[in-house]
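For reference, the structure discussed in these notes is given below.
Note on naming: letters A, B, ... go to the chains in the order of the sequence lines (proteins, then strands), and numbering restarts at 1 for each one. Since we're looking at a predicted model, the values are computed, not measured.
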Amino acid sequence: MSLIVYNTIGHKKEEFIPLHGNNVGMYVCGPTVYGFPHLGHAKSYISFDTIYRYLKYKGYNVKYVQNITDVGHLVGDSDEGESKIEKQAKIEQVDPYQIAYKYELSYFDCMEKLNVLKPDISCRATGHIIEIIDMIKTLVDKGYAYVTENNNVYFDVSKFKEYGKLSNRTIDNTMSGKRITLADDKKRPEDFALWKNADNNHLMKWPSPWGDGYPGWHIECSVMSKKYLGDTFDIHGGGMDNIFPHHECEIAQSTCANECKFVNYFIHNNLVTVNGQKMGKSLGNFITLPDLFKKYNPIVIRFYTLLSHYRKPTDFDDNKLIEANKNYNSIVNALIKARSNIVKNYTIDEEIFKIKNNFLEAMDDDFNTALAISYLYELVKIINKTDDKNKLTNIVKFFDEEVNQILGLSFNNTTDNSKEDSLIKFIIELRDQARSEKRYDLSDKIRDELNNIGIVLKDSKEGTTYEKKVLF
RNA sequence: GGAGCCAUAGCCAAGUGGUAAGGCACAGGUCUGCAACACCUUCAUCGUCGGUUCAAAUCCGACUGGCUCCUCCA
């Protein structure tokens with residue numbers, strides 16, 4: 001089965017064919033580390049983590065590179081603009097490098113909780129200043145960039161005819177300069193900074209041929225992707241809000257500096273809304289992941305995120321998370337039942353084989369996790385109805401060999417705790433005794449209390465069993 | 001002003017030409033001391049209007065509504 005991906009270049013689905021045989025190079029824009037990661041990061045990195053996992057499942061040898069932006073980005077684009085990291089450093093009264101490292105750690109911590117695999121290479125912008133200066137020099141030498149009297153270096157957009165192709169816009173109809181105060185030494189408003197001169201107040205700065213300064217906001221990705229993946233590579237990902245200007249500028253820089261095609265497939269995930277509204281600091285509905293994890297189990301957030309397609313917006317509200325939590329638990333519990341019925345010698349079950357193929361076909365069609373997960377419910381229904389151990393074994397194998405590694409949802413996470421289990425069984429015995437004496441007040445209280453800590457009792461003719469559910 | 005995305009049942013959500021997947025909620029039922037779980041049953045012609053076609057949720061056009069980008073943001 002061939003893999004189809006939606007390519008932002010051309011705005012259509014295409015068959016995925018890597019440049020170099022079985023090897024895939026993938027670069028995804030990482031976070032700017034000046035604050036705690038938020039829901040938007042979760043959607044983006046869960047999406048690309050799933051893409052990464054699926055490519056590996058398909059047998060590709062993937063090199064996944066993700067940057068950490070620990071310098072640079074200005075609050076505005078004027079010369080008076082302040083670095084976001086330095087601004088946060090002033091607020092927290094610490095060194096800007098401490099800010100960057102603190103939030104980098106928080107980012108990775110949150111990603112781990114969401115079962116997001118680490119990229120193969122995580123690279124910091126500050127570790128690549130030499131290469132950045134080098135690429136800027138190349139661009140200046142080739143005439144694509146110019147140095148101003150203020151010792152700033154700008155990319156000359158008029159020199160790159162394809163500028164605007166990715167985001168499908170022309171220079172004339174952008175509003176560049178209409179909403180903000182522009183640096184006054186640019187030739188044209190749409191030119192963007194490669195290197196900015198730093199004044200004495202600036203803490204994060206490096207020597208360069210143009211004096212002390214710091215890199216502009218797009219050049220690091222061009223430089224690091226080149227260093228680790230080469231001049232041309234397969235997949236470049238990021239949030240769709242990065243299409244313009246960030247990725248447009250990367251294309252301009254890399255294509256001009258390397259004189260060859262930059263990327264074959266651009267993949268962009270859609271954004272997160274909260275109660276239907278864009279999430280933003282100024283709107284007051286900004287949700288950080290550390291805060292969210294106090295309320296919801298991270299794995300349920302991952303599950304909920306994968307319940308809709310990565311190119312569709314995801315809306316967060318409590319009821320939807322509650323629903324997702326319920327569905328997640330029903331899959332986990334069904335799987336526990338199936339797992340207790342596996343047999344060593346089994347044969348391929350046609351029905352399960354077909355569902356497995358449907359699942360993989362959905363993933364092949366532009367990573368359609370929403371469709372893929374819907375097939376898991378069919379399996380849940382089968383598990384709950386059948387006693388066919390061969391069938392159940394087929395299902396468990398399917399989860400172990402494909403579902404868990406592709407979706408990263410820890411459906412198989414049955415952490416055995418025999419001490420806890422024997423304690424629960426003892427409590428159940430006590431409750432059964434109360435029930436046999438018709439002391440239902442007591443037996444119901446025991447049931448409620450256990451339920452509150454995520455242990456759900458199930459009474460049946462055969463006796464009482466229990467399930468553990470993932471709590472918020 | 002320019003660019004783009006979206007619009008499927010109470011809610012979420014698949015489906016890009018062949019006659020509407022799945023989940024949640026609701027209702028009825030089986031099971032249960034009562035519940036919960038599980039199972040069974042019921043539940044939509046796809047924003048509006050027009051066009052193309054033997055056939056459209058699916059293609060084209062117009063309109064309406066929502067969202068995003070054009071400053072940094074995943």
So that I can tick it off, tell me whether [Y] and [X] are bridged by a salt bridge, with the cut-off set at under 4.0 angstrom between side-chain N and carboxylate O.
| X | Y | answer |
| --- | --- | --- |
| A/Lys445 | A/Asp441 | no |
| A/Lys63 | A/Asp120 | no |
| A/Asp156 | A/Arg188 | no |
| A/Asp459 | A/Arg431 | yes |

Can you tell which of [options] lies closest to the side chain of [X]?
| X | options | answer |
| --- | --- | --- |
| A/Ser374 | B/rG15, B/rA35, B/rA21 | B/rA21 |
| A/Val272 | B/rC34, B/rA7, B/rA74 | B/rA74 |
| A/His41 | B/rG33, B/rC73, B/rA38 | B/rC73 |
| A/Lys381 | B/rA21, B/rG23, B/rC73 | B/rG23 |
| A/Asp444 | B/rC69, B/rC34, B/rC5 | B/rC34 |
| A/Lys458 | B/rA36, B/rU71, B/rA21 | B/rA36 |
| A/Asn168 | B/rG4, B/rC5, B/rA74 | B/rG4 |
| A/Asn270 | B/rA14, B/rC5, B/rC34 | B/rC5 |
| A/Tyr377 | B/rA14, B/rA35, B/rG22 | B/rG22 |
| A/Glu323 | B/rC11, B/rC34, B/rA14 | B/rC11 |

> Is there a stack between A/Tyr440 and B/rG33, judged by ring centres under 5.5 Å and planes under 30°?
Replying inline: yes

Examine [N]: is either OP1 or OP2 under 4.0 Å from a nitrogen or oxygen in the side chain of [X]? Give yes or no.
| X | N | value |
| --- | --- | --- |
| A/Asn368 | B/rG15 | yes |
| A/Lys312 | B/rA14 | yes |
| A/Asn384 | B/rC39 | yes |

Heavy atoms only, 4.0 Å cut-off, all strands: where does [X] land among base, sugar-phosphate and nothing?
| X | result |
| --- | --- |
| A/Tyr45 | sugar-phosphate |
| A/Leu457 | base |
| A/Gly40 | base |
| A/His309 | sugar-phosphate |
| A/Asn242 | sugar-phosphate |
| A/Ser460 | nothing |
| A/Arg311 | nothing |
| A/Pro245 | sugar-phosphate |

Could you state the [atom1]-[atom2] distance from [X] to [N], rounded to the nearest angstrom?
| X | N | atom1 | atom2 | result |
| --- | --- | --- | --- | --- |
| A/His268 | B/rC67 | NE2 | C1' | 18 Å |
| A/Lys385 | B/rU30 | NZ | C1' | 14 Å |
| A/Met240 | B/rA74 | CE | C1' | 11 Å |
| A/Asn452 | B/rA35 | CG | P | 19 Å |
| A/Leu166 | B/rG4 | CG | P | 12 Å |
| A/Glu467 | B/rA38 | CD | C1' | 9 Å |
| A/Phe316 | B/rA13 | CZ | P | 12 Å |
| A/Phe244 | B/rC5 | CZ | C1' | 18 Å |

>> A/Arg302 and side chain to side chain contact (heavy atoms under 4.5 Å, CB included): which single residue from A/Leu407, A/Asn297, A/Asp49 fits?
In response: A/Asp49

Across all strands shown, which nucleotide pairs with [N] by Watson-Crick or G-U wobble geometry, both distances under 3.5 Å?
| N | result |
| --- | --- |
| B/rA27 | B/rU41 |
| B/rA7 | B/rU64 |
| B/rC69 | B/rG2 |
| B/rA57 | none |

> Per the atom types in the model, does the base of B/rC70 pair as donor or acceptor with the side chain of A/Asp241 at under 3.5 Å?
Replying inline: no

> Side-chain donor or acceptor of A/Arg447 under 3.5 Å from a matching atom on the base of B/rA35?
Replying inline: yes

> Looking at A/Tyr440, is A/Arg435 sitting on its ring face, NZ or CZ under 6.0 Å from the six-membered ring centre and within 45 degrees of the normal?
Replying inline: no

> With a 4.5 Å limit on heavy-atom distance, are the side chains of A/Val28 and A/Pro119 in contact?
Replying inline: no

>> Counting C-beta onward and ignoring hydrogens, is there a side-chain heavy-atom pair between A/Asn115 and A/Leu409 closer than 4.5 Å?
In response: no

> Between A/Thr273 and A/Asp315, who's closer to the 5' end of RNA chain B by nearest nucleotide?
Replying inline: A/Asp315

> Want to settle it: does A/Phe48 or A/His11 sit nearer the 5' end of RNA chain B, counting the closest nucleotide to each?
Replying inline: A/His11

>> Please report the distance separating the P of B/rA57 from the corresponding atom of B/rA20, rounded so that it comes out in whole Å.
In response: 9 Å

